[in-house]
Amino acid sequence: MEDLINIERESLKESSIHRLDGRIKLIITFIIIASAVSASSVVTLILMEAYLLLLILLSNVSPSYAIKRIILILPFGGFIALFQPFIRPGTVIWTGPLGMDVTLEGLIFGALLLGKVTVSVTAVILLSSTTSMQELVGSARRIGVPSDFAMLLNLTVRYLFFFYDELERIRNAQKTRCFDIWNKRTTYSWRLRKVGETIAMMFLRAYEQGERVYLSMLSRGYSQDSQMYTARSTLGRWDVLFAAANIFILALLHILQLGYW
């Protein structure tokens, strides 16, 4: 949860990237991810990653914070890339013990896969670090995301921190009663039961809070035909220029990939 607080703190900083319209940042992020997925050259992916890191530096986001997040998320897709040299058929360039062969095609495919995952993760981190959660939901609604889905996202974002506060209150109450999940002097089964009770209590409070919110919404005229309010905003010159520059750079990289790489 502290990571979410850090993300929100980074998104409230001031920079030219932060001031961009949320719709532009969402669309450009989707285009970057689509370009990375369709890339067939490691050089193209390296240049895209370098460009994203440059944008992170220009956006006043802490480089150490961004790199730490990339390192934390990357293993989820990186492990799949690591196995590719051993399982993909092709020209064998090294034979290891237990009949494990490393193929050239596997190495190339693994490098491409790792590059695609890295670029996609970096693009999402740049988006989340320069756009608040509430703005992301509003921007998604303005570009055509269904209202029901946008409302669910809006409620999730709004009450995520509320339930974190509830969990902190429960944990503080347990600490005042000297409960420690890592205390080896108590039996494992007893500690496990207390953790289960905490989770059950959070589910009950979430259910009760959901009922209160829903009844409050009904009392204010909410129905299945209600539309979530979305503030209107106009695109500025800098928004259009940024979008055009990014599309031009990505198109240039793909042209160079087709012609030279």
Side-chain angles (χ1 to χ4, degrees), residues 1-13 18 22 26 61-79 121-122 124-141 145-224 226 228-231:
M1 191 65 191
E2 292 180 0
D3 290 336
L4 288 174
I5 297 174
N6 291 331
I7 293 173
E8 197 70 7
R9 185 181 298 116
E10 291 290 334
S11 68
L12 296 177
K13 289 184 176 180
H18 284 77
L26 267 175
V61 175
S62 172
S64 60
Y65 161 80
I67 293 173
K68 185 187 298 183
R69 287 186 62 194
I70 293 173
I71 293 174
L72 287 175
I73 300 175
L74 197 57
F76 291 97
F79 281 124
V121 168
T122 306
V124 172
I125 288 174
L126 175 62
L127 173 66
S128 62
S129 299
T130 57
T131 314
S132 65
M133 297 181 186
Q134 207 66 37
E135 186 183 356
L136 277 176
V137 175
S139 300
R141 183 70 188 95
V145 172
S147 58
D148 292 339
F149 185 65
M151 183 174 294
L152 287 175
L153 285 176
N154 190 30
L155 291 173
T156 300
V157 170
R158 181 170 296 181
Y159 293 102
L160 194 59
F161 296 97
F162 170 80
F163 287 118
Y164 174 71
D165 292 336
E166 287 290 323
L167 178 60
E168 282 298 301
R169 278 194 284 269
I170 293 174
R171 290 178 60 188
N172 289 333
Q174 290 175 338
K175 288 179 181 178
T176 59
R177 292 162 176 81
C178 302
F179 172 75
D180 183 8
I181 191 174
W182 307 114
N183 188 356
K184 298 295 181 64
R185 289 177 293 182
T186 56
T187 61
Y188 179 77
S189 59
W190 183 83
R191 285 180 285 156
L192 190 61
R193 186 171 68 253
K194 294 302 175 184
V195 172
E197 291 173 358
T198 302
I199 296 174
M201 192 179 302
M202 284 301 302
F203 272 112
L204 288 174
R205 293 195 180 186
Y207 176 77
E208 292 171 355
Q209 183 64 26
E211 286 293 311
R212 286 195 292 268
V213 171
Y214 181 66
L215 292 175
S216 299
M217 293 169 65
L218 290 178
S219 66
R220 289 164 174 79
Y222 172 77
S223 69
Q224 62 180 0
S226 299
M228 186 179 72
Y229 171 75
T230 304

> Mind checking what makes side-chain hydrogen bond (donor to acceptor under 3.5 Å, both in side chains) contact with Ser129, not counting sequence neighbours?
Replying inline: Arg69
> What pair of heavy atoms forms the shortest contact from Gly22 to Ser139, and how long is it?
Replying inline: CA-OG, 3.1 Å
>> Under the rule for side chain to side chain contact (heavy atoms under 4.5 Å, CB included), what residues qualify as partners of Ser189, not counting sequence neighbours?
In response: Thr187
> Who are the side-chain hydrogen bond (donor to acceptor under 3.5 Å, both in side chains) partners of Arg212, not counting sequence neighbours?
Replying inline: Gln209
Distance-only criterion, 3.5 Å: show the donor-acceptor pairs between side-chain atoms of residues 198-208 and protein atoms not counting sequence neighbours.
{"residue": "Thr198", "atom": "OG1", "partner": "Gln174", "partner atom": "NE2", "Å": "2.6"}
{"residue": "Thr198", "atom": "OG1", "partner": "Lys194", "partner atom": "O", "Å": "3.0"}
{"residue": "Arg205", "atom": "NH1", "partner": "Glu166", "partner atom": "OE1", "Å": "2.6"}

> For Glu168, which residues count as a side chain to side chain contact (heavy atoms under 4.5 Å, CB included) partner, sequence neighbours excluded?
Replying inline: Tyr164, Arg171
>> Test of understanding: with side chain to side chain contact (heavy atoms under 4.5 Å, CB included), list the residues that count as partners of Leu136, not counting sequence neighbours.
In response: Leu26, Leu127, Thr131
>> Among residues at least two apart in sequence or on other chains, which ones pass side-chain hydrogen bond (donor to acceptor under 3.5 Å, both in side chains) with Ser219?
In response: none
> Which atoms form the tightest heavy-atom contact between Val61 and His18, and what is the distance?
Replying inline: CG2-CE1, 4.2 Å
>> Any side-chain to backbone donor/acceptor pair from Arg220 onto Ser216? Under 3.5 Å, distance only.
In response: yes
> Between atom CG of Leu192 and atom CD of Glu197, what is the distance when rounded to the nearest 0.5 Å?
Replying inline: 10.5 Å
>> Taking the side chain as everything from C-beta on, heavy atoms only, tell me whether Met217 gets closer than 4.5 Å to Val213.
In response: yes
> What pairs of residues pass the salt bridge (charged side-chain N to carboxylate O under 4.0 Å, His left out) test when at least one of them lies in residues 127-138, not counting sequence neighbours?
Replying inline: none
